[in-house]
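Numbers here simply count residues along the sequence, with the first being 1.
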Amino acid sequence: MTRLTTVARALITTFAALLASTAPSTTAQADTDPKAPKDFVALRSVDPTIIQEMRYVTPHNFVGERIDGYRQPLCILTRPAAEALHKAQRKLLRQGYTLKVYDCYRPQRAVDHFVRWAEDLDDEAMKGEFYPNVDKTRLFADGYIAARSGHSRGSTLDVTLVRLPAKPTRPYHTGEPLVPCFAPKGERFPDNSVDMGTGFDCFDTLSHTLDPRIHGRQRANRQLLKGTLEGLGFVNLAEEWWHYTFKPEAHPDTYFDFPVARESLTSAH
């Protein structure tokens, strides 16, 4: 081996070592992420019987891809909200139902992802299911997308009812044909939820909790969910039958940005 080759290899080795020592590791990145306050808990630690179908960690949502900040399919809430949800679950189990959550705490970076998507008017990959009757230019004006979300404060969740015994919901396959979220239950994407008249995250006025076009069993299902949760301190968002906030909020003026992951919790839960 020539001296030149030896020197060159030594330089390459040194350069590689330098890169390795300066490149941020996955662990280091995780360590720099913000953490949740001590009063945030994993819902499963308070009530493991509530079904969790966390949509934003999957591509089955109005954006069509995993949303920023969702690292694990985990429902995180402030402890008062989680404990109130546990009380609701106990009531519903006696009636043959279980709660199912679609989303709980939502980091600000996820809300920012929604905003970027809404501003990209060319991306309408999921329009056929989630907003078939809404022009994408109207998403901000009509209130479907906003720069802030109550979910980021930790006491808001998206929830539905499932009749027991709960059957599994089949996985969504990217690229499969889309059916409008307000189509009859037997035609839209299958969900083990009871029939609420629309699917979750349906951008349509039919999603308004008390829309007069929703009647019969669909209306009764919405009223059962609403009556149970409101009796325990939750407040429904009138435009979304699935959206509830526990009051008083533990953090009414703070929008958090820690990732949805067990590592974000400051103590073992």
Side-chain angles (χ1 to χ4, degrees), residues 40-58 60-61 70 72-106 150-151 154-172 181-202 206-207 209-210 214-237 240-247 260 262 265 269:
F40 279 74
V41 298
L43 175 62
R44 192 167 284 114
S45 70
V46 176
D47 193 317
T49 70
I50 296 174
I51 298 172
Q52 298 187 30
E53 186 183 312
M54 310 307 291
R55 287 286 186 88
Y56 298 138
V57 78
T58 79
H60 189 211
N61 58 66
Y70 286 86
Q72 294 172 331
L74 182 69
C75 172
I76 296 175
L77 290 169
T78 56
R79 182 173 288 279
E83 291 178 347
L85 204 63
H86 169 61
K87 293 177 183 177
Q89 176 75 341
R90 289 171 61 187
K91 287 178 175 288
L92 290 163
L93 288 174
R94 291 195 292 268
Q95 300 176 64
Y97 296 91
T98 178
L99 291 166
K100 179 173 80 169
V101 292
Y102 294 111
D103 191 38
C104 299
Y105 157 75
R106 180 184 305 166
H151 282 271
S155 295
T156 294
L157 64 148
D158 296 330
V159 61
T160 189
L161 294 173
V162 175
R163 186 75 185 179
L164 293 171
K167 298 178 181 179
T169 294
R170 74 161 175 84
Y172 166 78
C181 52
F182 47 73
K185 183 172 173 62
E187 298 176 18
R188 62 181 182 259
F189 184 84
D191 187 320
N192 61 1
S193 167
V194 300
D195 189 1
M196 292 290 192
T198 77
F200 165 61
D201 260 356
C202 188
L206 282 169
S207 294
T209 307
L210 300 179
I214 300 298
H215 46 77
R217 175 47 56 188
Q218 297 171 342
R219 190 174 188 86
N221 289 335
R222 291 189 185 189
Q223 293 285 22
L224 176 58
L225 179 64
K226 186 173 187 288
T228 302
L229 292 179
E230 288 187 340
L232 292 166
F234 289 92
V235 176
N236 174 239
L237 178 66
E240 298 178 351
W241 60 257
W242 55 82
H243 181 118
Y244 286 85
T245 300
F246 181 74
K247 299 291 184 86
V260 177
R262 284 182 290 272
L265 299 173
H269 296 288

Should we say atom CZ of R90 is surrounded by more than 12 heavy atoms from elsewhere, each under 6.0 Å from it? no
Evaluate the side-chain proximity of W242 to D201: yes if any heavy-atom separation is below 4.5 Å, no if none is. yes
Excluding sequence neighbours, so at least two apart, what forms side chain to side chain donor-acceptor pair (under 3.5 Å) with Y105? none
Does the side chain of F40 reach to within under 4.5 Å of the side chain of L265, using non-hydrogen atoms? yes
Inter-residue atom distance L232.CG - Y244.OH, 0.5 Å rounding: 12.0 Å
What verdict does the side-chain hydrogen bond (donor to acceptor under 3.5 Å, both in side chains) test give for R55 and Y102, after you've listed the backbone C-alpha separation in whole Å, the side-chain angles of each residue and the deciding distance to 0.1 Å? CA-CA 6 Å; R55 287 286 186 88; Y102 294 111; 4.7 Å; no
Any side-chain heavy atom of E230 sitting closer than 4.5 Å to one from N236? yes
Could you tell me whether the side chain of L85 reaches within less than 4.5 Å of the side chain of L157, counting heavy atoms only? yes
Short N-O contact, D103 and R106, less than 4.0 angstrom: yes
Any L43 side-chain heavy atom under 4.5 Å of I76 side chain: no
Which value, rounded to the nearest 0.5 Å, describes the distance between Q89 atom CD and T49 atom OG1? 3.5 Å
Partner set under side chain to side chain donor-acceptor pair (under 3.5 Å) for T198, not counting sequence neighbours: S207, W241
So L161 and M196, do their side chains get closer than 4.5 Å, heavy atoms only? yes
Is the shortest distance from a Lys or Arg side-chain nitrogen in D191 or K167 to a carboxylate oxygen in the other one below 4.0 Å? no
With T169 via side chain to side chain donor-acceptor pair (under 3.5 Å) - residues at least two apart: N192
Looking at E240 and T209, would you say the former's side chain and the latter's main chain have a donor-acceptor pair under 3.5 Å? no
Separation between CD (E53) and CG (D158), nearest 0.5 Å, reads 12.0 Å
Distance-minimising heavy-atom pair for D195 and G197: OD1-N, 2.9 Å
Rounded at 0.5 Å granularity, tell me how far OG in S193 sits from CG in N221. 7.5 Å
Does a side-chain heavy-atom distance below 4.5 Å link Q218 with R222? no
Just checking R44: does its CZ atom have more than 12 heavy atoms from other residues, nucleotides or ligands closer to it than 6.0 angstrom? no
What are the two closest heavy atoms between C104 and H151, and how far apart are they? O-ND1, 2.8 Å
Hey, are the side chains of T245 and F234 touching, using non-hydrogen atoms and a 4.5 Å cut-off? no
Any Lys/Arg nitrogen of R79 or E83 sitting under 4.0 Å from an Asp/Glu carboxylate oxygen of the other? yes
